[in-house]
2 protein chains.
Amino acid sequence: MAGSIGDKYYDVFLKYRLWLCNQSDEGILGDGRFELLREIERTGSLKSAADNLNISYRKAWGNIKQAEELLGFTLVIKQRGGKDGGSSQLSTEGVQLLAAYDELREDFDQSIKKITKKFFNKINKNGNK
Amino acid sequence: MAGSIGDKYYDVFLKYRLWLCNQSDEGILGDGRFELLREIERTGSLKSAADNLNISYRKAWGNIKQAEELLGFTLVIKQRGGKDGGSSQLSTEGVQLLAAYDELREDFDQSIKKITKKFFNKINKNGNK
DNA sequence: TTTCGTTATGTTCAAAAAAACATATTGCAA
DNA sequence: TTGCAATATGTTTTTTTGAACATAACGAAA
């Protein structure tokens with residue numbers, strides 16, 4: 001929340017986005033894709049993950065593939081065929097990267113809180129309404 | 001830089017974007033627009049600012065207008081006509097907001113450094129190459 | 001009262017991103 | 001040996017975004 005009711009910046013919020021990219025500035029993984037990895041880990045299926053996150057299978061699959069191509073290694077081990085049609089699970093690298101990202105995100109959020117508070121205190125301060 | 005040569009994540013970089021938005025998630029001001037404000041403050045002209053930043057006047061003007069509409073107050077005091085055709089300068093609010101954002105950005109950058117380092121140390125650590 | 005450079009704004013074109021559609025492949029189990 | 005459900009991909013359509021184009025209004029100074 002930006003400030004108190006009546007503040008000049010009452011309806012203003014500070015947001016941020018984090019992502020990994022390569023030197024050519026091509027996006028590798030951001031919040032959305034990490035969430036997808038998390039859901040694959042949880043459900044054991046790319047399709048279920050996509051369905052649960054309300055994105056098309058086509059898009060989910062393409063996102064994972066692109067990330068893997070840019071990284072140069074596999075994040076998701078995929079199997080097709082079989083009685084259930086197939087399944088997916090995170091590779092060791094995928095598990096580790098996801099865990100590291102979760103921690104990163106937490107540290108980030110934590111760190112941002114006081115900075116944000118300082119910012120809104122400053123722009124909402126008296127004489128500025 | 002992500003890590004040392006040979007690291008698994010050598011060509012991976014962490015980036016982030018900061019911006020202000022309202023409750024409806026409409027973007028108000030981000031890095032680009034703040035840079036525009038800064039250039040207007042410096043040059044005293046929206047046109048000069050746009051030219052210097054290599055964006056069209058049309059776009060620069062629209063960006064400022066949208067930000068002002070969402071905020072509900074003026075960021076840039078614009079005058080047209082006159083011997084020089086017109087001029088623009090930041091309002092008191094504009095000056096204050098820009099200053100606060102500059103400080104915010106600095107705090108943010110500072111705070112992010114060690115978090116980033118920790119992240120890459122983790123994912124690049126031995127046994128993970 | 002004409003000129004000039006800037007602000008002001010509608011409109012149209014082009015490019016990029018995302019969504020939608022369509023179809024093939026795989027391999028266990030019945 | 002057929003059916004099934006999930007993975008694998010190419011193609012087309014739609015949406016979004018941004019760039020480009022065009023043109024009006026303004027007002028001090030010459």
Side-chain angles (χ1 to χ4, degrees), chain A residues 17 19 21-22 24-37 39-70 73-91 94, chain B residues 15 17 19 21 24-33 35-37 39-71 73-91 94:
Chain A
R17 222 168 67 76
W19 72 97
C21 65
N22 63 15
S24 311
D25 224 23
E26 296 166 299
I28 302 175
L29 289 162
D31 255 12
R33 293 182 184 188
F34 275 112
E35 198 169 348
L36 179 58
L37 288 182
E39 198 62 13
I40 292 171
E41 184 177 55
R42 200 178 70 77
T43 62
S45 153
L46 178 47
K47 171 153 201 325
S48 302
D51 286 348
N52 294 346
L53 296 177
N54 265 79
I55 58 178
S56 70
Y57 172 85
R58 182 66 180 78
K59 183 171 187 63
W61 176 84
N63 282 166
I64 297 294
K65 174 169 176 157
Q66 188 192 19
E68 290 179 333
E69 278 172 356
L70 292 173
F73 52 84
T74 297
L75 292 171
V76 179
I77 298 169
K78 289 150 273 186
Q79 284 171 316
R80 62 177 179 176
K83 77 173 189 316
D84 296 321
S87 65
S88 295
Q89 59 178 317
L90 298 196
S91 67
Chain B
K15 295 217 174 164
R17 224 167 66 75
W19 72 99
C21 65
S24 312
D25 225 22
E26 297 165 297
I28 301 176
L29 288 163
D31 257 11
R33 292 182 184 188
E35 198 169 349
L36 179 57
L37 288 181
E39 197 64 11
I40 291 171
E41 184 177 54
R42 201 177 69 77
T43 61
S45 154
L46 178 49
K47 175 160 198 322
S48 301
D51 287 349
N52 293 346
L53 296 177
N54 265 78
I55 57 176
S56 71
Y57 171 84
R58 182 67 180 78
K59 183 172 187 62
W61 176 84
N63 281 165
I64 297 294
K65 173 169 176 157
Q66 189 192 19
E68 290 179 332
E69 279 171 355
L70 292 173
L71 285 172
F73 53 84
T74 299
L75 292 171
V76 179
I77 298 168
K78 289 149 269 186
Q79 284 171 319
R80 62 178 179 177
K83 76 174 193 310
D84 295 323
S87 65
S88 296
Q89 60 178 317
L90 297 195
S91 67

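Values below: all heavy atoms of this structure, side chains included; hydrogens, waters and symmetry mates excluded. Order of the sequence lines sets the chain letters (A, B, ...), proteins ahead of strands, with each chain counted from 1.
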Q. How is A:Gly86 classified with respect to the nucleic acid when contacts are heavy atoms under 4.0 Å: base, sugar-phosphate, or nothing?
A. sugar-phosphate
Q) Contact class for A:Ser48 (heavy atom, under 4.0 Å): base, sugar-phosphate, or nothing? A)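 Counting heavy atoms under 4.0 Å across all strands, no contact is made by A:Ser48.
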Q) Which two nucleotides bound the region of DNA chain C that has atoms under 4.0 Å from heavy atoms of chain A, read 5' to 3'? A) C:dA18 to C:dA29
(Q) Does the Lys NZ or Arg CZ of A:Arg58 fall within the cation-pi geometry relative to A:Trp61 - under 6.0 Å from the ring centre and within 45° of the axis? (A) no
Minimum heavy-atom distance between [X] and [Y], given as atom pair plus value:
| X | Y | result |
| --- | --- | --- |
| B:Leu36 | B:Ala49 | CD1-CB, 3.9 Å |
| B:Gly27 | B:Trp19 | CA-CD1, 4.5 Å |
| A:Ser91 | A:Ile77 | CA-CD1, 4.0 Å |

Q) OP1 or OP2 of D:dG18 sitting under 4.0 Å from any side-chain N/O of B:Ser56? A) no
Q) Is the shortest distance from a Lys or Arg side-chain nitrogen in A:Glu39 or A:Arg42 to a carboxylate oxygen in the other one below 4.0 Å? A) yes
(Q) Could you walk me through whether A:Leu37 and A:Ile64 satisfy the side-chain contact (heavy atoms from CB on, under 4.5 Å) test, starting with their C-alpha distance in whole Å, then the side-chain angles of each, then the deciding distance to 0.1 Å, before giving a yes or no? (A) CA-CA 8 Å; A:Leu37 288 182; A:Ile64 297 294; 3.7 Å; yes
Roughly, in whole Å, what's the span from [atom1] in [X] to [atom2] in [N]?
| X | N | atom1 | atom2 | answer |
| --- | --- | --- | --- | --- |
| B:Arg80 | D:dC26 | CZ | P | 5 Å |
| A:Lys59 | D:dA6 | NZ | C1' | 20 Å |
| B:Trp61 | D:dA19 | CH2 | P | 16 Å |
| B:Gln79 | D:dC26 | CD | C1' | 11 Å |
| B:Leu46 | D:dC26 | CG | C1' | 16 Å |
| B:Tyr57 | D:dA25 | OH | C1' | 11 Å |

Q | 5' precedence on DNA chain D between A:Gly62 and B:Arg58 (nearest-nucleotide basis) | A | A:Gly62
